[in-house]
A.B. asks: 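I'd like to ask some things about the structure below.
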Number of protein chains: 2
Amino acid sequence: MTTGRPRAFDLDERLDRALRVFWRQGYEGTALSDLTEAMGISRPSLYAAYGNKEALFGKVLDRYMETAVHVREAFRQPTARSTAETLLRGTIAATTGEDGPGCLMVHGALATGGQSGAVRAEAAARRHAAEDALRERFERARREGDLPADVDAGDLARYVCLVWYGIAVQACSGAGSEDLGRAVDLAMRTFPGG
Amino acid sequence: MTTGRPRAFDLDERLDRALRVFWRQGYEGTALSDLTEAMGISRPSLYAAYGNKEALFGKVLDRYMETAVHVREAFRQPTARSTAETLLRGTIAATTGEDGPGCLMVHGALATGGQSGAVRAEAAARRHAAEDALRERFERARREGDLPADVDAGDLARYVCLVWYGIAVQACSGAGSEDLGRAVDLAMRTFPGG
DNA sequence: CTCGTTCAGTACCGATCGGTACAGAACTAG
DNA sequence: CTAGTTCTGTACCGATCGGTACTGAACGAG
């Protein structure tokens, strides 16, 4: 097994730089020249390391979920209520932070032209996965008696995700974290259980 | 005053066709060739009639607001609660309708590349205008005793808009009108007053 | 050292992007 | 009729799009 010349940059570190560009500009708003400039590598190096623009975006979405610590923290909470609250409060911090407003899974590829349909579908699939995970967490809460038996876990998960995405859009409109915090206060008042 | 050759197409009717393209594909996902093909006019005709792509998108946003009858209907409601409920239920119908999923003001230009910053800003400004109008409606409701004096009209407007935009994103994820209806049931439970 | 492999950057590919010059056609005013 | 104006489509503009051949350079194995 021969190894060849070693790569002169760190894959994950440059991926983070690509993440920031996609975050600010969305998938279709980002040109390869934007990426290579921000990542500090040449175009063929990008293709050799990550595939192509579409594959790079997929890896960026993976990286995005890995680094979204508030999501992991939310699922570690003991109750359904604190799971939802941690998720939404953390989303406020993430969407109004310094990496640019909004949430990559929401505005990264909400609507796309003909060529980029697969990217839009993948972003939607990840949103579905998040909603499914939340629904399963709420179903567990119901089994544990943490949530009343008459609440529908799927409906509740859809509502929490709806607030999540609403926060992301409001952040893109320039809403501040205090304003959004009061909106989450309102949203959590309808959450069942203690 | 001389008049010259008359235009061979109806401005508003072709604007509706452009609206449907932008709705499906967003601003940056839409190419001029997509527009001219759907509108059935040549490229110079488009520029003479509407300016350029950016100006056309602005006129499309105007047209979009004009044709959003559920918004006008909402503001004609007698109470703050029915205003919010009409707006959100109507949004469900509009975002899951046949013109493609989602809301043009949300996904039309949420995140854009360097050139299209003005378009993103304009979409955000229209969202702000909608929130302001809702806040003023709620302030009026408070003066009329329709809303309790201790509720903040701005916070409530922001929350309703947040749900509005959340519906739009969920619709882009493929959520159905029944699912979203139950989410609005939950969202309205936290609305103050009767 | 040589050889095979993998990375690096330059320079380029066809296609498409948004936008326009231009010439002819269709109209009104006189 | 002519003159002036405005719309029409063809054909084209430079710039940029995503993606790739190709030539060296930097490594480990032998």
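Quantities reported herein were computed from a predicted structural model and do not represent experimental measurements. All chains are named by letter (A, B, ...) in the order of the sequence lines, taking the proteins before the strands, and each is independently numbered beginning at 1.
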A.B. asks: Excluding sequence neighbours, so at least two apart, what forms ring pair (Phe, Tyr, Trp, His ring centres under 6.0 Å) with Phe57(B)?
C.D. replies: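 By the ring pair (Phe, Tyr, Trp, His ring centres under 6.0 Å) rule, Phe57(B) matches Phe22(B), Tyr27(B).
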A.B. asks: Do the charged groups of Asp62(A) and Arg126(A) touch, with an N to O distance under 4.0 Å?
C.D. replies: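 Yes, Asp62(A) and Arg126(A) are salt-bridged.
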A.B. asks: Among the nucleotides dG19(C), dA26(C), dG19(D), which one has an atom lying closest to any side-chain atom of Pro6(B)?
C.D. replies: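 So the nucleotide nearest the side chain must be dA26(C).
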A.B. asks: If you only use heavy atoms from C-beta on, which nucleotide in dT28(C), dT20(C), dA8(C) is closest to the side chain of Thr3(B)?
C.D. replies: dT28(C)
A.B. asks: Is there a donor and acceptor pair, one atom on the side chain of Arg5(A) and one on the base of dC27(D), closer than 3.5 Å?
C.D. replies: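 For Arg5(A), whose side chain was compared with the base of dC27(D), there is no donor-acceptor pair (under 3.5 Å).
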A.B. asks: Under 4.0 Å, heavy atoms only, any strand: does Thr30(A) hit a base, just the sugar-phosphate, or nothing?
C.D. replies: sugar-phosphate
A.B. asks: Look at the side chain of Pro44(B) and decide which nucleotide, out of dA8(C), dG9(D), dG18(D), has an atom nearest to it.
C.D. replies: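 Looking only at heavy atoms from C-beta outward on Pro44(B), the closest nucleotide is dG9(D).
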A.B. asks: Let me spell it out: for each of Phe9(B) and Arg43(B), pick the nucleotide of DNA chain D with the closest heavy atom. Which residue's pick is nearer the 5' end?
C.D. replies: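 Nearest nucleotide further toward 5': that of Phe9(B).
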A.B. asks: Side chain of Asn52(B), heavy atoms from C-beta onward: which of dG19(C), dG9(D), dA8(C) has the nearest atom to it?
C.D. replies: dG19(C)
A.B. asks: If you pin Ile41(B) and Gln115(B) to their nearest nucleotides in DNA chain D, which one's is more 5'?
C.D. replies: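 Counting from the 5' end, the first nearest nucleotide belongs to Ile41(B).
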A.B. asks: Identify whether any heavy atom of Ala31(B) sits under 4.0 Å from a base atom; if not, whether one sits that close to sugar-phosphate; answer base, sugar-phosphate or nothing.
C.D. replies: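 Contact class for Ala31(B): sugar-phosphate only.
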A.B. asks: If you only use heavy atoms from C-beta on, which nucleotide in dG18(D), dT10(D), dA8(C) is closest to the side chain of Tyr47(A)?
C.D. replies: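 Taking heavy atoms from C-beta onward, the closest nucleotide is dG18(D).
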A.B. asks: Please collect all salt bridge (charged side-chain N to carboxylate O under 4.0 Å, His left out) contacts where either partner lies in residues 158-178 of chain A, sequence neighbours excluded, each pair once.
C.D. replies: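 Every pair satisfying salt bridge (charged side-chain N to carboxylate O under 4.0 Å, His left out) with a residue in residues 158-178 of chain A: Glu131(A)-Arg158(A), Asp155(A)-Arg158(A), Arg158(A)-Asp179(B).
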A.B. asks: Mind checking if Ala49(A) touches a base, just sugar-phosphate, or nothing, with heavy atoms under 4.0 Å?
C.D. replies: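 No contact at all - Ala49(A) keeps every heavy atom at 4.0 Å or more from the nucleic acid.
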A.B. asks: In a check of ring-ring contact (aromatic ring centres under 6.0 Å, His included) between Phe138(B) and each of Tyr159(B), Phe191(B), Phe75(B), which one passes?
C.D. replies: Phe191(B)
